[in-house]
Amino acid sequence: MHADAILHLNLNRRGGVSRRSFLQSASLGITGSALLNQFRLNAAELKKEGRSCILVWLAGAPSQMETWDPKPGTPNGGETKKITTQSPGIEIAHYWPKIASVMNDIAVIRSITGKEAAHERGTYHLHTGHRMLGIEKFPHFGSVVAKEIGDPQSDIPNFVSIGQTLSSGFLGVQVAPFIIDRPGQLPDNVFNNTPTSRQQRRLALLSQQESDFADAGAAALVKEQSKLYQKANLMMLSPRLKAFQFDNEPTTMKEAYGKSQLGQGLLVARRLVEVGVPFVEVRSGGWDMHSNVFKGMERRAPDVDQGLSQLLIDLKQRGLLDKTLVLCMGEFGRTPKINARPPVPGRDHWVKNFNLLMAGAGIKGGQVIGKTDENGQEIVDSPVEVDDLFRSMCHAMKINADMELHTPIGRPVKLVESGTVIKGLFG
């Protein structure tokens, strides 16, 4: 059985075990030595220089014309103006003054071309590097990073998502995202208040239930559940749990990231990277602006502008940016032409060309890669396919993009099917 599990605060993807019961079960005191001894430490995998990745996901697909490729004064430009940035010659939309001030650390990719113009399919493509075809569920890139770089004996998850995201697919529960919804607070139920005698009775009952389930043909499920118990037990005892909360974080730092859910989530992401978590996703919703796009940008952009710019400043000051890949993107772009949707026009789905930001992990900042024409309709220089993007992400994380993953039936699939590392992206 392959695992399609997510370690979530409320429910896992199989719907059978709530997070509360998962942590309560873990609190029974099940020891992990038997399972953990199954893991073999691969010395080569530990030579990744402590690299990490933070994905800032703008769910709903932000407009390229209102982010990093504005076209003011053209028929498609609309109300959006452009501003200069810290990097001479690079101009972005006026909604992003703080990002403009840290442009020297950012590479703007203006020529991404995708294949999926529906939200679910685009989200899948930009998270896994694969299109939603066939029955296999490909893993989130964060799960691949957790598998290749993460410590299998870690006492906190190797992949944390602040907000819902995709699953680990066929890679299983060991590298599934641990999802939290309240940045700055400890996950629920991490403390054990159950008396020892009661724990022992529960342990005995659980053991009997697992044995019965295994005898009834559910041995694989029992094994997966045992992995969840072990991970939860390790996490409950971990001194690194404090990375999830802000008790020792200066007020000035919390304010610098902004009070929004996104800003506080990015602060948690920095804290998690700092204690060795190799992949963190932080999500911001509300970017699907079929109508009222200009007012919508005024509402949505400031939180990301403040939080993301502060994240880059903070990582750099702490010496973490050189080893931390930072990505900011959504699932596709928006139509260059403004629609006529009442009461206020917006932009619809568009996959032909869109943009994103990359920084850190060896990426050369202060540059723009790719170019669109005057009206933003066509890519006129350096088109970048999703495969190119994923090869570049692997390059930044020192992961072999040509490696083979194996599905539950043993079918080998390449991590990245084709493409090349984006030319000129790395310094």
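These numbers come from a predicted model, not from an experiment. What's counted below: heavy atoms across the whole structure, side chains too, no hydrogens, waters or symmetry copies.
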K.L.:
Can you check whether Pro336's main-chain N or O pairs, donor with acceptor, with Arg347's side chain at less than 3.5 Å?
P.N.:
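It does hold such a pair.
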K.L.:
Can you give me the closest heavy-atom contact between Leu321 and Leu312, atom names plus distance?
P.N.:
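Looking at all heavy atoms of both residues, the closest pair is CD1-CD2, 4.1 Å.
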K.L.:
Do side-chain atoms of Asp322 reach the backbone of Ala361 as a donor and acceptor pair under 3.5 angstrom?
P.N.:
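Not a single qualifying donor-acceptor pair exists.
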K.L.:
Report the C-alpha separation of Ile106 and Trp68 in whole Å, then their side-chain angles, then the decisive distance to 0.1 Å, and conclude whether the side-chain contact (heavy atoms from CB on, under 4.5 Å) test is met.
P.N.:
CA-CA 11 Å; Ile106 296 173; Trp68 326 123; over 6 Å; no
K.L.:
Output, in order, the C-alpha distance, side-chain angles, deciding distance and verdict of side-chain contact (heavy atoms from CB on, under 4.5 Å) for Glu281 and His140.
P.N.:
CA-CA 11 Å; Glu281 178 172 354; His140 190 305; 2.7 Å; yes
K.L.:
Run the numbers on Val277 and Phe178 for side-chain contact (heavy atoms from CB on, under 4.5 Å), then give the verdict.
P.N.:
CA-CA 11 Å; Val277 175; Phe178 185 88; over 6 Å; no
K.L.:
Please test Arg271 against Met253 for side-chain contact (heavy atoms from CB on, under 4.5 Å), starting from the C-alpha separation and ending with a verdict.
P.N.:
CA-CA 12 Å; Arg271 292 171 62 86; Met253 183 59 73; over 6 Å; no
K.L.:
Using a 4.5 Å cut-off on heavy atoms from C-beta on, say whether the side chain of Pro183 contacts that of Leu267.
P.N.:
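They are not in contact (no side-chain heavy atoms under 4.5 Å apart), so the answer is no.
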K.L.:
Atom CG of Leu262 and atom CD of Gln306: how far apart are they, to the nearest 0.5 Å?
P.N.:
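Atom-to-atom, Leu262:CG and Gln306:CD are 10.0 Å apart.
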K.L.:
Distance from Lys323 atom NZ to Leu315 atom CG, nearest 0.5 Å?
P.N.:
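One gets 13.0 Å once the value is rounded to the nearest 0.5 Å.
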K.L.:
Would you indicate whether the side-chain heavy atoms of Ser284 and Asp303 approach each other to under 4.5 Å?
P.N.:
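No, side chains not in contact.
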K.L.:
Can you find a pair of side-chain heavy atoms, one from Asn76 and one from Lys71, that are under 4.5 Å apart?
P.N.:
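Not touching, per the 4.5 Å side-chain cut-off.
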K.L.:
Which atom pair, heavy atoms only, marks the closest approach of Gly163 to Asp181?
P.N.:
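Closest approach of Gly163 to Asp181, heavy atoms only: CA-OD1, 4.2 Å.
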K.L.:
Using every non-hydrogen atom in the two residues, find where Arg121 and Glu116 come nearest and quote the distance to one decimal.
P.N.:
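It is NE-OE1, 2.9 Å.
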K.L.:
Among Phe138, Trp57, Phe141, Phe390, whose ring pair (Phe, Tyr, Trp, His ring centres under 6.0 Å) with His127 holds?
P.N.:
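Going through the options one by one, the only one that passes is Trp57.
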K.L.:
Looking at Asp402 and Arg391, is there a salt bridge between them, counting it only when a charged N and a carboxylate O are closer than 4.0 Å?
P.N.:
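Between Asp402 and Arg391 there is a salt bridge, with a charged N closer than 4.0 Å to a carboxylate O.
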K.L.:
Indicate yes or no: at least one non-hydrogen side-chain atom of Glu298 is less than 4.5 angstrom from one of Glu79.
P.N.:
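No; the side chains remain at least 4.5 Å from each other.
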K.L.:
Please check if the distance between the ring centroids of Phe332 and Phe354 is under 6.0 Å.
P.N.:
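Judged by ring-centre distance (under 6.0 Å), Phe332 and Phe354 do not meet the cut-off.
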K.L.:
On a heavy-atom basis, which atom in Pro139 and which in Ser168 lie closest, and how many Å separate them?
P.N.:
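Reported closest heavy-atom pair: CB-O, 3.1 Å.
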K.L.:
How long is the gap from CG on Asp314 to CG on Leu320, to the nearest 0.5 Å?
P.N.:
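Asp314 atom CG to Leu320 atom CG measures 8.0 Å (nearest 0.5 Å).
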K.L.:
Where the side chain of Asn339 meets the backbone of Pro345, is there a donor-acceptor pair that is under 3.5 Å apart?
P.N.:
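No, because the side chain of Asn339 does not come within donor-acceptor range (under 3.5 Å) of the backbone of Pro345.
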K.L.:
Using modelled atom types and a 3.5 Å cut-off, is there a donor and acceptor pairing between side-chain atoms of Arg283 and backbone atoms of Gln164?
P.N.:
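Side chain of Arg283 to backbone of Gln164, a donor-acceptor pair under 3.5 Å: yes, one is there.
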K.L.:
Taking all non-hydrogen atoms of both residues into account, name the closest pair between Ser392 and Ile422 and its distance.
P.N.:
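Minimum heavy-atom separation between Ser392 and Ile422: OG-N, 2.9 Å.
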K.L.:
Backbone N or O of Gly365 within a donor-acceptor pair of the Asp105 side chain at under 3.5 Å?
P.N.:
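Checked: no pair found.
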K.L.:
Do Glu136 and His130 have side-chain N/O donor and acceptor atoms under 3.5 Å apart?
P.N.:
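Short answer, no.
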K.L.:
Distance alone, cut at 3.5 Å: any donor-acceptor contact between the side chains of Glu331 and His125?
P.N.:
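Looking only at side-chain atoms, His125 and Glu331 do not form any donor-acceptor pair under 3.5 Å.
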K.L.:
Under the 3.5 angstrom rule, does the side chain of Gln245 hit a backbone N or O of Leu186 as a donor-acceptor pair?
P.N.:
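A pair under 3.5 Å: no.
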K.L.:
Run the salt-bridge test on Arg334 and Asp288 with the 4.0 Å N-O cut-off and return the result as yes or no.
P.N.:
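Here Arg334 pairs with Asp288 in a salt bridge, since their nearest N and O are under 4.0 Å apart.
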K.L.:
Does a side-chain N-to-carboxylate-O contact under 4.0 Å join Arg240 and Asp155?
P.N.:
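Here Arg240 pairs with Asp155 in a salt bridge, since their nearest N and O are under 4.0 Å apart.
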K.L.:
Would you check if there is a donor-acceptor pair between the side chains of Thr372 and Asp69 at a distance under 3.5 Å?
P.N.:
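Per modelled atom types, Asp69 and Thr372 side chains form a pair under 3.5 Å.
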K.L.:
Are there more than 12 heavy atoms of other residues, nucleotides or ligands under 6.0 Å from atom CD of Gln185?
P.N.:
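Counting other residues, nucleotides and ligands, CD of Gln185 exceeds 12 neighbours.
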K.L.:
Between Lys115 and Glu385, is the closest basic N to carboxylate O distance under 4.0 Å?
P.N.:
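Yes, charged N to carboxylate O under 4.0 Å.
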K.L.:
Closer than 3.5 angstrom, by distance alone: can the side chain of Glu378 be matched with the main-chain N or O of Asp373 as a donor-acceptor pair?
P.N.:
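No.
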K.L.:
Just so I know, are the side chains of Val108 and Met103 near enough to count as touching, which here means a heavy-atom distance under 4.5 Å?
P.N.:
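A side-chain contact under 4.5 Å exists here.
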K.L.:
Show the nearest heavy-atom pair for residues Glu91 and Pro70, with the distance to one decimal.
P.N.:
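Closest heavy-atom pair between Glu91 and Pro70: O-CD, 4.0 Å.
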K.L.:
Answer yes if the side chains of Glu66 and Thr80 hold a donor-acceptor pair under 3.5 Å, and no otherwise.
P.N.:
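Side chains of Glu66 and Thr80: pair found under 3.5 Å.
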K.L.:
State, with a plain yes or no, whether a side-chain heavy atom of Ile379 is found less than 4.5 Å away from one of Ser111.
P.N.:
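Yes - at least one pair of side-chain heavy atoms lies under 4.5 Å apart.
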K.L.:
Would you indicate whether the side-chain heavy atoms of Asn158 and Val175 approach each other to under 4.5 Å?
P.N.:
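Side-chain contact under 4.5 Å: no.
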K.L.:
Under 6.0 Å from the NZ atom of Lys254, do we count more than 12 heavy atoms belonging to anything else shown?
P.N.:
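Counting other residues, nucleotides and ligands, NZ of Lys254 exceeds 12 neighbours.
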K.L.:
Between the side chains of Thr67 and Asn355, is a donor N or O closer than 3.5 angstrom to an acceptor N or O?
P.N.:
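On atom types as modelled, these side chains qualify, holding a pair under 3.5 Å.
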K.L.:
Using 30° and 60° as the class boundaries, would you call the ring planes of Phe159 and Phe279 parallel, tilted or perpendicular?
P.N.:
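Perpendicular.
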K.L.:
Atom CE of Met65 and atom CD1 of Ile338: how far apart are they, to the nearest 0.5 Å?
P.N.:
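With rounding to 0.5 Å, CE (Met65) is 7.5 Å from CD1 (Ile338).
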K.L.:
With sequence neighbours left out, what residues match Lys364 under side-chain contact (heavy atoms from CB on, under 4.5 Å)?
P.N.:
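With sequence neighbours excluded, Lys364 shows a side-chain contact (heavy atoms from CB on, under 4.5 Å) to Gln367, given in chain and number order.
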K.L.:
Output yes when a side-chain donor or acceptor of Thr335 lies under 3.5 Å from a complementary backbone atom of Asp348, and no otherwise.
P.N.:
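Present.
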K.L.:
Evaluate the side-chain proximity of Leu389 to Leu126: yes if any heavy-atom separation is below 4.5 Å, no if none is.
P.N.:
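Yes. Closest side-chain heavy atoms under 4.5 Å.
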K.L.:
For the CG atom of Leu327 and the CG atom of Leu308, what is their distance to the nearest 0.5 Å?
P.N.:
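Separation between the atoms: 10.5 Å.
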K.L.:
Do other residues, nucleotides or ligands put more than 12 heavy atoms under 6.0 Å from the NZ atom of Lys295?
P.N.:
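Atom NZ in Lys295 is not crowded, with 12 or fewer foreign heavy atoms closer than 6.0 Å.
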K.L.:
CZ/Arg270 to CG/Leu272 distance, rounded to the nearest 0.5 angstrom?
P.N.:
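It comes to 10.0 Å.
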